[in-house]
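Here the structure is laid out as structure tokens; the discussion comes afterwards.
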Amino acid sequence: MQKTEIAVIGAGPAGLAAAIEAARAGAQVTLIDENERPGGQLFKQIHKFFGSKEHRAGTRGVEIGVDLLEEAKRVGVITRLNTVVYGLYHDKCLGLACGDHSEDLQTQAIILATGASENVLAFPGWTLPGVMGAGAAQTLINIHRVLPGRRILMVGAGNVGLIVTYQLLQAGAEVVAIIEGLPVIGGYGVHASKVRRAGVPILTSHTIVSAEGGESVERAVIAQVDNRWQVLCGTEQTLEVDTVCLAVGLSPLAELAWMAGCRFSHVPTLGGWVPLHDQDMQTSVPGIYIAGDVAGIEEASTAMEEGRLAGLAAAGTLCHLSPEVGEIKKSEVRDRLAALRWGGFGEGRAVAKRQIIEARCEA
Amino acid sequence: MRVDVHPILGNAPTGKSIILLVDGRPIKAIEGEPIAAALLASGRRVLRHTARHGEPRGLFCALGRCTDCVMTVDGQPNVRTCVTPARDGMVIESQVGLGRWKHLPLEKEE
Amino acid sequence: MEDDLLICRCEEVTRSEVEEAIRMGLRTVNEIKRFTRAGFGLCQGKTCGRLICDILIREADMAPSEVLPGTSRPPVRPIPTRVLANRVSKEDE
């Protein structure tokens with residue numbers, strides 16, 4: 001059977017950062033991703049990141065992705081692409097499927113960096129071709145360079161909805177409107193002003209009633225809602241669109257953590273069910289760590305820091321770092337994480353994260 | 001509907017042009033791009049029809065999770081076209097429900 | 001008709017079928033899956049799982065923290081059986 005010291009599952013920002021940090025400490029690291037290309041969602045992020053200088057503010061996700069890949073190669077991370085971790089078995093053994101065969105990989109520690117999946121909204125016509133996740137549209141335009149449609153309705157005014165709208169405009173599509181069920185815009189003001197300046201109306205307290213068409217979307221009906229999400233009669237309007245993008249939140253993608261028997265907590269601020277973890281990102285199952293969106297929906301910058309923390313912790317447990325050096329390095333990362341979870345948007349996440357850690361310690 | 005020029009990403013990288021046979025009709029694609037992306041670029045949005053109600057389905061998650069985009073590729077049904085790279089000469093067919101094997105894979109083996 | 005809203009895209013199970021299962025006393029995603037087939041399709045409930053949780057919360061008046069997602073089992077992606085059967089055991093280099 002094949003062996004590795006640390007397996008990192010998911011080569012997005014969290015997984016790459018975790019693999020680099022653990023390999024740098026001297027651990028043998030295998031980084032596994034089901035996709036043909038590493039980078040997770042980073043290569044879709046063509047906008048500039050916020051934050052401080054040390055968090056690479058002003059840099060585009062794409063550029064950060066390229067740097068991380070080079071660094072991973074340099075520190076000797078073994079990267080296995082096109083490889084699905086289809087199961088996580090007892091004693092930290094992984095089942096891998098790659099091409100025409102499957103194999104087992106015995107690990108000593110596992111870092112789950114599996115990211116998130118997009119939430120959906122069910123409404124009449126939501127199965128018609130042309131209705132898709134906003135993330136799907138972003139992948140199409142920024143990675144595959146294909147437009148999902150010409151006239152688009154964006155459902156959801158959180159950061160994903162706002163950013164993908166702007167990127168759809170950059171790619172040459174027309175976004176007819178952004179609608180948001182809540183009375184307020186969920187995303188950052190900067191992103192909202194940007195799309196408004198580009199002429200896209202943001203309609204708050206609006207929902208999608210239906211998507212209509214024969215074999216694919218030809219139009220969408222939207223309407224105003226009251227504060228209990230009930231459609232206000234007479235406010236319906238029909239928009240001539242060929243595409244409806246759903247940007248209605250993300251959920252941690254934690255199938256492998258459930259399979260491993262990790263304990264979970266339901267935390268709405270972090271996207272739903274989140275595996276409990278301690279200050280080192282270790283779950284309730286010793287030797288299994290998590291980082292990034294699977295540990296609660298946040299951002300690429302927090303995902304990378306959580307990845308570093310998990311990488312340092314896993315390498316430390318396997319004696320690649322002295323406890324003293326490990327602790328110094330980890331506390332530096334924790335300080336940077338605290339700095340990222342700041343302000344109106346970060347505060348709630350900081351509180352939720354503290355609760356997760358406390359619950360894990362009591363467990 | 002390809003994005004050839006882009007204000008941030010620049011010109012689309014030039015890839016090897018290939019041909020896919022989709023329901024008997026040749027379409028142009030770029031080698032290595034997902035089959036679903038090539039189909040969308042050619043203007044095709046309906047990828048399959050469902051078993052119970054015969055409803056059309058297309059690309060939905062583009063990440064290989066939702067399985068709405070499955071088609072029969074080189075005789076094998078239920079291939080997720082959003083994560084399967086296009087190769088020259090691939091034979092792609094739309095399917096109803098879970099489709100059918102065009103030939104049993106075991107028969108191919110010795 | 002709104003009641004014909006599809007919830008499980010793979011198995012084509014509607015909201016009224018899920019609600020009917022809840023009226024009959026089912027209270028978990030796993031039970032609803034076995035009874036209605038919602039989540040039994042090719043994707044194994046990746047899209048409808050959360051929708052069914054939401055319906056349970058609303059119709060059975062449960063707290064979100066009382067509604068667990070369906071059980072995760074390998075394989076977590078649709079992998080052909082022949083790939084699983086073709087198990088390669090590589091020796092360490």
Side-chain angles (χ1 to χ4, degrees), chain A residues 34-37 40-41 43-48 60 62-63 82 84 100 115-118 120 125-150 166-173 213-218 242-246 253 255, chain B residues 1-15 28-50 52-69 71 76 80-87 94 105 108-109:
Chain A
E34 62 183 316
N35 297 294
E36 197 175 31
R37 305 206 254 186
Q41 308 310 306
F43 287 92
K44 288 157 61 171
Q45 312 304 324
I46 61 168
H47 59 283
K48 290 178 179 170
R60 297 179 201 280
V62 202
E63 294 154 14
N82 291 317
V84 175
D100 66 346
S117 62
E118 292 194 275
V120 297
W126 76 295
T127 54
L128 270 179
V131 178
M132 66 181 74
Q138 197 184 27
T139 307
L140 284 172
I141 51 174
N142 293 348
I143 307 277
H144 307 311
R145 305 288 296 256
V146 176
L147 279 180
R150 293 185 194 282
Y166 196 72
Q167 293 175 353
L168 282 164
L169 299 175
Q170 286 177 319
E215 287 281 286
S216 65
V217 176
E218 289 162 31
D242 58 17
T243 305
V244 176
C245 289
L246 305 177
L253 194 67
E255 296 147 316
Chain B
M1 296 203 284
R2 290 193 185 268
V3 186
D4 291 322
V5 268
H6 193 285
I8 308 276
L9 296 168
N11 293 341
T14 46
K28 267 184 165 173
I30 297 167
E31 189 176 56
E33 72 180 340
I35 296 168
L39 290 173
L40 199 55
S42 79
R44 180 170 170 153
R45 310 185 91 188
V46 181
L47 304 180
R48 68 173 180 112
H49 285 84
T50 61
R52 227 169 130 180
H53 302 301
E55 286 178 355
R57 291 292 164 81
L59 186 85
F60 186 67
C61 83
L63 286 171
R65 291 194 185 126
C66 78
T67 66
D68 245 349
C69 66
M71 298 181 83
Q76 181 183 332
R80 294 170 296 162
T81 56
C82 74
V83 289
T84 304
R87 304 277 173 240
S94 45
K108 274 174 35 179
E109 286 167 25

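Here is the naming used below: chain letters follow the sequence lines, and residue numbers restart at 1 for every chain.
Here the closest non-hydrogen pair linking A:Val146 and B:Arg2 is CG2-NH1, 3.9 Å. The two residues A:Arg145 and B:Val5 come nearest to each other via the heavy atoms NH2-C, 3.9 Å. Contact record, A:Val131 with B:Phe60: O-CD1, 3.2 Å, taken as the closest heavy-atom pair. The shortest non-hydrogen separation linking A:Ala171 to B:Val3 is O-CG1, 3.7 Å.
Counting heavy atoms from C-beta outward, A:Arg60 and B:Ile8 have side chains that approach closer than 4.5 Å. Inter-residue side-chain proximity for A:Thr243 and B:Arg45 is flagged as met; some heavy-atom pair is nearer than 4.5 Å. Under the 4.5 Å side-chain criterion, counting only non-hydrogen atoms from C-beta, B:Leu59 is not in contact with A:Pro129. B:Leu40 places none of its side-chain heavy atoms less than 4.5 Å from the side chain of A:His144.
No part of B:Asp68 comes within reach of chain A, as not one of its non-hydrogen atoms sits under 4.5 angstrom from that chain. For A:Asn82, no part lies under 4.5 angstrom from a heavy atom of chain B. Contacts of A:Gln41 with chain B are made by side-chain atoms alone, with heavy-atom separations under 4.5 Å and no backbone atom involved. Only the side chain of B:Arg65 comes within less than 4.5 Å of a heavy atom of chain A; its backbone N, CA, C and O stay farther away.
Annotation: maximal heavy-atom pairing with chain A below 4.5 Å, among B:Asn11, B:Val83, B:Leu63, occurs at B:Asn11. Between chain B and the residues A:Glu36, A:Gln138, A:Met132, A:Glu215, the largest count of heavy-atom pairs under 4.5 Å involves A:Glu215. The candidate from A:Ile143, A:Asn35, A:Asn142 with the greatest count of non-hydrogen atom pairs under 4.5 Å with chain B is A:Asn142. With chain B as partner, the option from A:Thr127, A:Thr139, A:Val120 having the largest number of non-hydrogen pairs under 4.5 angstrom is A:Thr127.
No more than 12 heavy-atom neighbours from other residues, nucleotides or ligands sit within 6.0 angstrom of CZ on A:Arg150.
If you take CG on A:Leu246 and SG on B:Cys61, they are separated by 12.0 Å, rounding to the nearest 0.5 Å.
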**Asked** Hey, mind stepping through A:Gln167 and B:His6 against side-chain contact (heavy atoms from CB on, under 4.5 Å) and telling me if it holds?
**Response** CA-CA 10 Å; A:Gln167 293 175 353; B:His6 193 285; 5.9 Å; no
